[in-house]
Amino acid sequence: MILSYAAYLIFKDDHPVGHFTSEEGKKDFQNAYHEAMSLLPEPVDTKNIKTEYGIVRVYYFTKEENKHKEPMMLLPGRAASTPMWESNLEGLISERPVYTVDLLGEPGMSIQTKAIENQKDQAKWLNEVIIKLGLEKVHIMGVSIGGWTAMNLVRFFPDHIASVSLLDPVMVFEPISFKMVLASIPASVPLIPQSIREKMLSYISGGAEANEDVPVAKLIESGMRNFKLKVPAPDQFSEEDLQNIHVPVLALMAENSTMHNSKKAVEKGKKYVKDIEIENWPNASHAINGEFPNEINNRILRFVEKNSNSKDDR
């Protein structure tokens, strides 16, 4: 989901980097984070990768029989971090090594230490992570703002990217509607009652449940309430940007997405991206990864297999 940058502008402060607004809020988020993480498979390794812009938390999941395969790297939606992949991880790691990243400048276990000034900075820190992990080639998978982050990485630093899989990405093929920008403001304003924020989060996600009975929903609500973003707003990819993407792309757009016009997104993707498979996923909302986890996993794994560059990966 996408947090309104209108709220960011209205309630901006002088801190140069993303931060929790209070120690109490930080503890509230961390408690929600650890609760949600407990539902995931046990990571094989947890890394804190030092980059120019801060320390990036990365988790590594794999099974012994798959270690030789080209890995996947998962980029979450806004305020969601690694725990949002609960529905997908088990199926993905049954076939491939998987790295998950808590996006720098977002609520999570990554710690931003330097201002991220522009889109190239956004791509630079993620490229540093890939290099420091020693990954020759990696298959990127991103949902919502994570999808934009994946395409932004390819826009500036494509060398290590074997393929990109997008789940209802924002600001890549179609802009976010003004109605959605307005709807997201109550979800991000601390003074708004929690019940109203939860209703707005549910609307943004296309009806997905957003209350404290669902650990990931609790995590997202806490992140939006307690964390102050300090990253540039995602820019809309131009036609020229899309024409300059030269890695294989799979884009699964949500038919019932509240973010954008998915039908137009499919048309634009087909028109401008050279090597793309783009589909309008029937009956899916913006919470597509959790609604159809098995189907999504299978579709993406087939795409990744087809675009693997490793001889040992066959």
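Note that the structure is predicted; figures quoted are calculated from it, not measured.
In summary, of the residues considered (D159, I140, V164), a side chain to side chain contact (heavy atoms under 4.5 Å, CB included) with V154 occurs for V164 alone. Checked against Y272 for a side chain to side chain donor-acceptor pair (under 3.5 Å), the options Q243, E239, E240 give a single hit: E239.
The aromatic rings of W148 and F237 lie perpendicular to each other, with more than 60° between the two planes, well past the 30° mark. Ring-plane geometry between F20 and F29 is classed as tilted, the angle between the planes lying from 30 to 60 degrees on a 0 to 90 degree scale.
Side-chain contact annotation: N48 with R57, donor-acceptor N/O pair under 3.5 Å present. Defined by atom type and a distance below 3.5 Å, a donor-acceptor pair is present between the side-chain atoms of D168 and H260. Between the side chains of Y59 and D45, no donor-acceptor pair is found at a separation under 3.5 Å. In this model, no donor atom of one side chain and acceptor atom of the other lie less than 3.5 Å apart for S165 and H139. A side-chain donor-acceptor contact under 3.5 Å links D241 and S238.
Within 6.0 Å of atom NZ in K50, 12 or fewer heavy atoms from other residues, nucleotides or ligands are found, so the atom counts as exposed in its surroundings. Counted within 6.0 Å of NZ on K132, heavy atoms from surrounding residues, nucleotides or ligands total more than 12; the atom is thus considered enclosed. Applying the 6.0 Å contact sphere to CD of E279 captures more than 12 heavy atoms from other residues, nucleotides or ligands. Within 6.0 Å of atom NZ in K137, more than 12 heavy atoms from other residues, nucleotides or ligands are found, so the atom counts as buried in its surroundings.
Looking only at side-chain heavy atoms (C-beta outward), M109 and Q30 come within less than 4.5 Å of each other. When side chains are defined from C-beta on, W125 counts as touching V129, because their heavy atoms get closer than 4.5 Å.
Under the 4.5 Å side-chain heavy-atom criterion for grouping Ile, Leu, Val, Met, Phe, Trp and Tyr, I111 is not connected to Y33 through any hydrophobic cluster. Hydrophobic clustering (side-chain heavy atoms under 4.5 Å, transitive across Ile, Leu, Val, Met, Phe, Trp, Tyr) groups M37 together with M84. In the hydrophobic clustering of ILVMFWY residues, with side-chain heavy atoms under 4.5 Å counting as a link, L126 and F157 come out together. Both I116 and F156 belong to a common hydrophobic cluster when Ile, Leu, Val, Met, Phe, Trp and Tyr are linked at side-chain heavy-atom distances under 4.5 angstrom. Residues L133 and L75 fall within the same hydrophobic cluster, defined by Ile, Leu, Val, Met, Phe, Trp and Tyr side chains chained together at heavy-atom separations under 4.5 Å.
In this structure, the side chain of S222 does not engage the main chain of L219 through any donor-acceptor pair within 3.5 Å. Between the Q119 side chain and the P234 main chain, no donor and acceptor come within less than 3.5 Å of each other. A donor-acceptor contact shorter than 3.5 Å links the side chain of Q112 to the backbone of K114. Checked by atom type and distance alone, the side chain of N31 pairs as donor or acceptor with a backbone atom of K27 at under 3.5 Å. Without hydrogens or angle criteria, S285 side chain to A287 main chain gives a donor-acceptor distance under 3.5 Å. At least one donor-acceptor pair under 3.5 Å links the side chain of D102 to the backbone N or O of T82. A donor-acceptor pair under 3.5 Å is formed between the side chain of S94 and the backbone N or O of G91.
Relative to the ring axis of F173, K268 does not place its NZ or CZ within 45° and under 6.0 Å from the centre.
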Test side-chain hydrogen bond (donor to acceptor under 3.5 Å, both in side chains) on S81 and E106 and set out the steps.
CA-CA 8 Å; S81 56; E106 296 269 355; over 6 Å; no
Please determine whether salt bridge (Lys or Arg N to Asp or Glu O under 4.0 Å) holds for the pair D28 and K218, giving the CA-CA distance in whole Å, both sets of side-chain angles, and the decisive distance to 0.1 Å.
CA-CA 10 Å; D28 180 79; K218 180 180 178 180; over 6 Å; no
Please assess Y53 against Q122 for the test side chain to side chain contact (heavy atoms under 4.5 Å, CB included), listing each intermediate value before the final yes or no.
CA-CA 9 Å; Y53 299 92; Q122 287 273 61; over 6 Å; no
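I93 approaches N66 most closely through the heavy-atom pair O-ND2, 3.3 Å. Pairing each heavy atom of S144 with each of G77, the nearest pair is CB-CA, 4.3 Å. In terms of heavy-atom proximity, V216 sits nearest to P83 at CG2-O, 3.5 Å.
A salt bridge does not link E117 with K124: every distance from a Lys NZ or Arg NE/NH1/NH2 to an Asp or Glu carboxylate oxygen is 4.0 Å or more. Using a cut-off of 4.0 Å between Lys/Arg side-chain N and Asp/Glu carboxylate O, R225 and E221 are scored as salt-bridged. Checked for salt-bridge contact, K67 and E64 meet the test: a charged N lies under 4.0 Å from a carboxylate O.
Separation of atoms CZ (R96) and CD1 (I300) is listed at 12.0 Å; rounding is to 0.5 Å. For the atom pair L252 CG and S262 OG, the distance stands at 11.0 Å (nearest 0.5 Å).
Residue pairs satisfying the ring-ring contact (aromatic ring centres under 6.0 Å, His included) criterion with at least one member in residues 72-116, sequence neighbours excluded, are listed as follows: Y60-Y99.
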